[in-house]
Amino acid sequence: MSFKKNLSYKAFSKSKFKSIKHSTYFEVYDELFSKYRNKKITFVEIGILGGGSLFMWRNFFGSKARIIGIDINPDAKKWTKYGFEVFIGDQSDINFWKTFKKKVGMVDIILDDGGHRYVDQITSIECILSNIKHNGLIVVEDTHTSYMDGFGDKKYSLINYIKHKIDKINHKSHKLKSVNFKENIWSIKVYESIIAIFIKKKQKQTISKPITNKGIDDNAKDFRVEKNKQNKSFKKIFEKVKNYFR
Ligand SMILES: C[S@@+](CC[C@H](N)C(=O)[O-])C[C@H]1O[C@@H](n2cnc3c(N)ncnc32)[C@H](O)[C@@H]1O
């Protein structure tokens, strides 16, 4: 099992208290978080439960990191005696985030392993987006709940919300220009059960425009094959694709 080689898995195994993660997450954590190890970062995890993941993140990021936990269960406050900052509140409450942001300031990484309802996931992203540092990220776990019953109205699932964000990212293209995209989202990466949202400050994002180099122009013709739309192979693929949307 390859995940056992991951540094985050080693940090998880070494944790003094119980933590529940999925086997596929460790490769993702290593990929996304390794560059932040041993740095003076602010890392926030929503969802503390038995405290084990706070210790896992301490093991993984090192002593310079500020590790903050959020939970709706007031008992979670006990983890402060181990050097963690703990905020008690409901991640689907806008007022909770207002207070949190005032007290904590800017954050490098926020990992959502909280209630997993769409209202939890979406409210947290909407509220914290402006509080993530340039080159920081928001990571949401257990995104498979978007396909499950019991987490809210699926029309407003996290995955549908992310599709909307993808549309907005693409509309930054100078070819479209129809949306004034004011958010700090640079890109979004999808893994099994995890979504990572990469943040770049709007002012630091490259503006889309056509660029030509100084190479010799041999006036090559830019071909488009319109007739193929009617051919057999296209129809076959199109029928298959249509089924995805049924
Ligand atoms: C899956 S557990 C967290 C597991 C932990 N991160 C670990 O790795 O072991 C989910 C936690 O989220 C908390 N939670 C549930 N709904 C919440 C909400 N709306 N706001 C904040 N925390 C919430 C629960 O009390 C629970 O402790």
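Values below: every heavy atom of this structure, side chains too, minus hydrogens, waters and symmetry copies. The first residue in the sequence is number 1, and the count goes up from there. Counting convention: from 1, in listed order, for ligands and their atoms alike.
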Does K200 reach the side chain of I185, with side-chain heavy atoms less than 4.5 Å apart?
-> no
Below 4.0 Å from any atom of ligand 1, which residues have a heavy atom? Give them in chain and number order, please.
-> S19, I20, K21, E45, G47, I48, L49, S53, D71, I72, G89, D90, Q91, D113, G114, G115, D120
May I ask you to decide if the ring planes of F33 and F60 are parallel, tilted or perpendicular, using 30° and 60° as cut-offs?
-> perpendicular
What residues join F245 in its hydrophobic cluster, counting side-chain heavy atom gaps under 4.5 Å, either direct or through other members?
-> I237, V241, Y244
Do Y161 and Y156 have their ring centres less than 6.0 Å from each other?
-> no
Find out whether I70 and W97 are in side-chain contact, i.e. whether some heavy atom of one side chain is under 4.5 Å from a heavy atom of the other.
-> yes
Are F17 and Y82 near enough that their ring centres are under 6.0 Å apart?
-> yes
